[in-house]
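We count residues from 1, following the sequence as given.
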Amino acid sequence: DFEREIKVLVVGNGGVGKTSMIKRFCKNLFTDEYKKTIGVDFLEKTQYVKSLGEDVKLMLWDTAGQEEFDSITRTYYRGAAAAVLAFSTTDRQSFEAISQWKRKVEAECGSIPMALVQNKVDLLDQAVVTKAEAEALANKTGLKFYRMCVKKGLNVGEVFEYLTELAVNR
Ligand code: GDP
């Protein structure tokens, strides 16, 4: 029978853990290998939505480092209902790029639900972004802020549950 489909974007600089996040969420797998995927791809996951009392099908889209090609970007962003804006604990540039990623999503999709995610919190001893800076960015952008560890599977499901609830109830 009919299942609602929701497209969710995961955006952020290369290396922040986008592919890993999607794989962890959809297949509960993690590898330490850095493998560059070619082209745009997505994985699916059925998610139960409490407020609806039913399942929806999430389609998680991964840009796989093709962000610089505008034609690909358009296809990638088209019809998205929510977005994860991700940066890495150990990559200052990825943190500073968040506002640009937010603007890019808004330019292509309008004001869809988004969440701010700091990934790799297992590497806090190597952090190049302070807790106060991350929280200030969350306040400034008005986004709910999650600290995530894709490697250990910490807070991954929570972010997608939050975004799904917002996306189906707007
Ligand atoms: P993408 O370019 O944003 O898609 O990033 P990837 O998913 O390819 O991840 C880049 C690298 O970071 C890979 O070597 C991953 O194994 C690693 N990685 C992803 N998430 C975590 C995490 O939570 N902790 C640690 N330590 N490494 C991670």
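At a cut-off of 3.5 Å, with distance as the only test, no side-chain donor of Q126 or T90 sits close to an acceptor on the other residue.
More than 12 non-hydrogen atoms from other residues, nucleotides or ligands lie less than 6.0 angstrom from CD of E44.
Here the closest non-hydrogen pair linking D55 and E3 is O-CG, 3.8 Å. When every heavy atom of A83 is checked against every heavy atom of V105, the shortest pair comes out as CB-CG1, 4.1 Å. Here the closest non-hydrogen pair linking N119 and C149 is OD1-CA, 3.8 Å. Annotation for F95 and A134: closest pair CE1-CA, 3.9 Å, computed over non-hydrogen atoms. When all heavy atoms of A81 and A167 are compared, the pair lying nearest together is O-CB, 3.8 Å. Between A115 and L163, the shortest heavy-atom distance links the atoms N-CD2, 3.9 Å.
Between the side chain of T89 and the backbone N or O of K120 there is at least one donor-acceptor pair closer than 3.5 Å. Here the side chain of K7 pairs a donor or acceptor atom with the backbone of Y76 at under 3.5 angstrom.
Using a cutoff of 4.0 Å between basic side-chain nitrogens and carboxylate oxygens, R4 and E54 are not scored as salt-bridged. Comment: R92 engages E133 in a salt bridge, judged by a side-chain N to carboxylate O separation of less than 4.0 angstrom. By the 4.0 Å N-to-carboxylate-O rule, K104 lies too far from E108 to be salt-bridged with it.
Cation-pi contact between K45 and F160: absent, since separation from the ring centre below 6.0 Å together with deviation from the ring axis within 45° is not met.
Partner of S94 under the side-chain contact (heavy atoms from CB on, under 4.5 Å) criterion, chosen from V128, V129, V16: V16. The side-chain contact (heavy atoms from CB on, under 4.5 Å) test with V10 is passed by exactly one of L85, V117, I22: I22.
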Query raised in the report: Taking it one step at a time, do V159 and M21 satisfy side-chain contact (heavy atoms from CB on, under 4.5 Å)?
Result: CA-CA 11 Å; V159 171; M21 191 188 304; 5.9 Å; no

Query raised in the report: Where do F25 and V150 land on the side-chain contact (heavy atoms from CB on, under 4.5 Å) test, with the steps shown first?
Result: CA-CA 9 Å; F25 180 61; V150 170; over 6 Å; no

